[in-house]
Amino acid sequence: MTDSKYFSTTKKGEIFELKSELNNDKKEKKKEAVKKVIASMTVGKDVSVLFPDVVNCMQTDNLELKKLVYLYLMNYAKSQPDAAIMAVNTFVKDCEDSNPLIRALAVRTMGCIRVDKITEYLCEPLRKCLKDEDPYVRKTAAVCVAKLYDISASMVEDQGFLDQLKDLLSDSNPMVVANAVAALSEINESSQSGQPLVEMNSATINKLLTALNECTEWGQVFILDSLANYSPKDEREAQSICERITPRLAHANAAVVLSAVKVLMKLLEMLSNDGDFCATLTKKLAPPLVTLLSSEPEVQYVALRNINLIVQKRPDILKHEMKVFFVKYNDPIYVKLEKLDIMIRLANQSNIAQVLSELKEYATEVDVDFVRKAVRAIGRCAIKVEASAERCVSTLLELIQTKVNYVVQEAIVVIKDIFRKYPNKYESIISTLCENLDTLDEPEARASMVWIIGEYAERIDNADELLDSFLEGFQDENAQVQLQLLTAVVKLFLKRPSDTQELVQHVLSLATQDSDNPDLRDRGFIYWRLLSTDPAAAKEVVLADKPLISEETDLLEPTLLDELICHISSLASVYHKPPTAFVEGRGAGVRKSLPNRAVASGDSGEAAASAAGGEAMVIPNQESLIGDLLSMDINAPSMPTAAPTTMGVDLLGGGLDILLGGPPAETNSAGASSLLGDIFGLGGTALNVGLQIPKIVWLPAEKGKGLEIQGSFSRRNGEIFMDMKFTNKAMQLMSGFAIQLNKNSFGLVPGQPLQVAPLPPNQSTEASLNLGTQGPVQRMEPLNNLQVAVKNNIDIFYFACLIHGNCLFAEDGQLDKRVFLNTWKEIPAANEVQYSLSGVIGTTDGIASKMTTNNVFTIAKRNVEGQDMLYQSLKLTNNIWVLLELKLQPGNPDATLSLKSRSVEVAPMIFAAYEAIIRSP
């Protein structure tokens, strides 16, 4: 009879019977009784009252009985800490037993009992077991150190267990090495400092690679995960590690394969892309990944989620393996959808015909979700591979002719995107789309159709009737559709003003008076204002050329992708989220990132600078600054700076009558349009003034022989100003003021002579000095340090001040989205610096607005896992580009700012400026 009999009893008085059986002199009776106790404990019965009786059974040579008693102790020791102390002597004694199984069992159980009083007694037995002659005991003790660290980290560090654990990495037994690696990894993960407690070096890595070949499969996983955290010192060492890990790709266990892929993906970043070794290694990575897709569906799904990341990072690895991602009829839906996603990522000109025939087949399946995604995939193919666009459009038209409702709606959504990508190319199909207008019931499809009607209103004879039919149920429409309707009707009016005036007034009235949606109201008021004051400007705004859409809109953020590549073969790679997003209580720790990509020097030098047409100035090293400053010619002519020319466009100068054939209306300052102008803040011409920082004392009177200079820096209308206040605290007149700046990091020089009138005693005067950026450059510490000499009739005075970073932010610092994305990818991970902001107040829109005022331009805004992400760019006056990522949690005053630049030495100055701007009123 099996042990299931122990789970079938429910009679009363059982606890009393068990108590007497536990105290029976016969060993067999005792063992049976303990089995019954464990069975009761397993099904949820409280058998803690038997604790003393079970502990008494510990004194036995029977290994099976001892295991059962230890199992009971692990479960109930926390609720009975005082009684558990009785077992300590037996634990200590068992740790010195002649049987290695009992020694290992004792130390394992002591590590699992999370009671402080017992933990104190664990140290000595654990120290002995770490040096035990038997490898089984040593490998068990290694794991016990990690468990002890979780209970009391200080004890592990004080007792020297970390050093002993590190010594085990050199053990002769590969399983001991694997367990030591696993324990050290666990300790590093839970370290409060976020910094590794045990640094790996070349010698240790060599030992791990030697043990790799002889370990069990899970031991190999532990070692490979540890190798993934090691950064080789050069490309040669990286190649050597790759060669020794590559055989793991042929392992039967999927976990070992994916762990090996993770290490190789990281090391590939250190290898030069044009080398033969890199090409060979890339070819070797494809077969094991393909093999994983012949496993059961659950393993396939995990493999596909990891492959999705790999394909985004290195599409070349699987570019010839398209067929393995074709969907099988018996694949579960989650596998089908994932395969479909990867197919699109791998689609190119050489395989697009194959892909399209497959997708067309999928679009006739019965699974609605799968069909929808297949139709969208056809649209994505058209956008990604231009040569296939015509064929894709034909395929979509064929699908529309099927009249299957959800197929038609998805097709219209993707055709809208195709129109955006290829303007004036496929508009002949619009009439076919309009035939299906009545069948559309999903917001996204209706919004797409409305956009098409508005965008191509001049080609649709009855566009006004079609849009009017939508307006009948305007209040019941989804907000997305309402916004599109408003824009479409305004577009129609601008194209055909004579017969659509009533329609546009009707929709503007619906949007501004009858709607409680603030987005809709605001857009309505803006259109109303534009149309009523300057229709020509309205045309320029509303009918402007649309930017072409990107072919890959669902790619992961480059930094997130790099982080997830470091987590291949873990849950993070399945969720496509970093571990901090779904593991509670986990500290932020050190964010994992890929090592620097090996590039030829100067290959991708200043990608962002070249993209915007400026060449970054190289900041030379600092030399003898004092010598330079003392040898300055204080009367030398200053370098002139050209005043920037600004152009203003009056957007609001005409009247609605221009479109209707009448004369332009005169604007009345007291009229409604003026009132609207006030509401929208459109009146007057505003100066472009950024953050204003109060003046501080640069030169105190006691050092300036009675001359006190207070100052600050500001940026106004594209120019840098040195704003100073001179105070004469001496008893004589001061005159003949002049100023000179030492060579500095940004080439700042006076743009004009210093204009300060003679200054009588106890009087003050203010002066603003325009600064140019064409002067000699010399690196300072810190970078924004400025050494100044001021001369008057009394003496020459020297002082140093820090120029505020925001004054160095140029007005042309806004990058195109695609250039931003490519530049972020090209800048190595080592050039990324993070900074924590605290006490952040305000919304993301408010912060973005503040930043824009100070020439920090928001390129994109996204919400990821409840966090608002702002992607921003700025350019310094010396043409150094800086890319920023701001993470904000609504309601949380703490934020994280990530900075990437080819010249990371500018980071402290940028962070200080960013903090000052964000805290400004």
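By convention here, the first residue in the shown sequence is residue 1.
- Checked against side-chain contact (heavy atoms from CB on, under 4.5 Å), S570 has the following partners two or more places apart in sequence or in another chain: H567, A572.
- Among L309, L258, L564, the one residue that satisfies the side-chain contact (heavy atoms from CB on, under 4.5 Å) test with S573 is L309.
- For the pair I565/I568, a side-chain contact is recorded, criterion being any heavy-atom separation below 4.5 Å from C-beta on.
- The salt bridge (charged side-chain N to carboxylate O under 4.0 Å, His left out) analysis of residues 349-361, with sequence neighbours excluded, yields the pairs K360-E398.
- Between K887 and E557 no salt bridge is recorded (no basic side-chain N to carboxylate O distance below 4.0 Å).
- Checked against side-chain contact (heavy atoms from CB on, under 4.5 Å), I429 has the following partners two or more places apart in sequence or in another chain: V393, L397, I415, F419.
- Between K313 and D562, at least one side-chain N (NZ, or NE/NH1/NH2) sits under 4.0 Å from a carboxylate O, which counts as a salt bridge.
- With sequence neighbours left out, V574 forms a side-chain contact (heavy atoms from CB on, under 4.5 Å) with Y301, V302, R305.
- K336 has no carboxylate O lying under 4.0 Å from a charged side-chain N of D367, or vice versa, which leaves the two without a salt bridge.
- With sequence neighbours left out, Y426 forms a ring pair (Phe, Tyr, Trp, His ring centres under 6.0 Å) with no residue at all.
- Every residue two or more places apart in sequence or in another chain that forms a ring pair (Phe, Tyr, Trp, His ring centres under 6.0 Å) with F820 is listed here: W824.
- Of the possible polar contacts, one joining the Q300 side chain to the S295 backbone as a donor-acceptor pair under 3.5 Å is found.
- Side-chain atoms of N436 and K403 include a donor-acceptor pair closer than 3.5 Å.
- Proximity of N179 to T140: side-chain heavy atoms (C-beta onward) are nowhere separated by under 4.5 Å.
- The side-chain tip of K577 does not point at the ring of F582 from less than 6.0 angstrom away and within 45° of straight on.
- Of the N and O atoms on the side chains of Q409 and D441, at least one donor lies less than 3.5 Å from an acceptor on the other residue.
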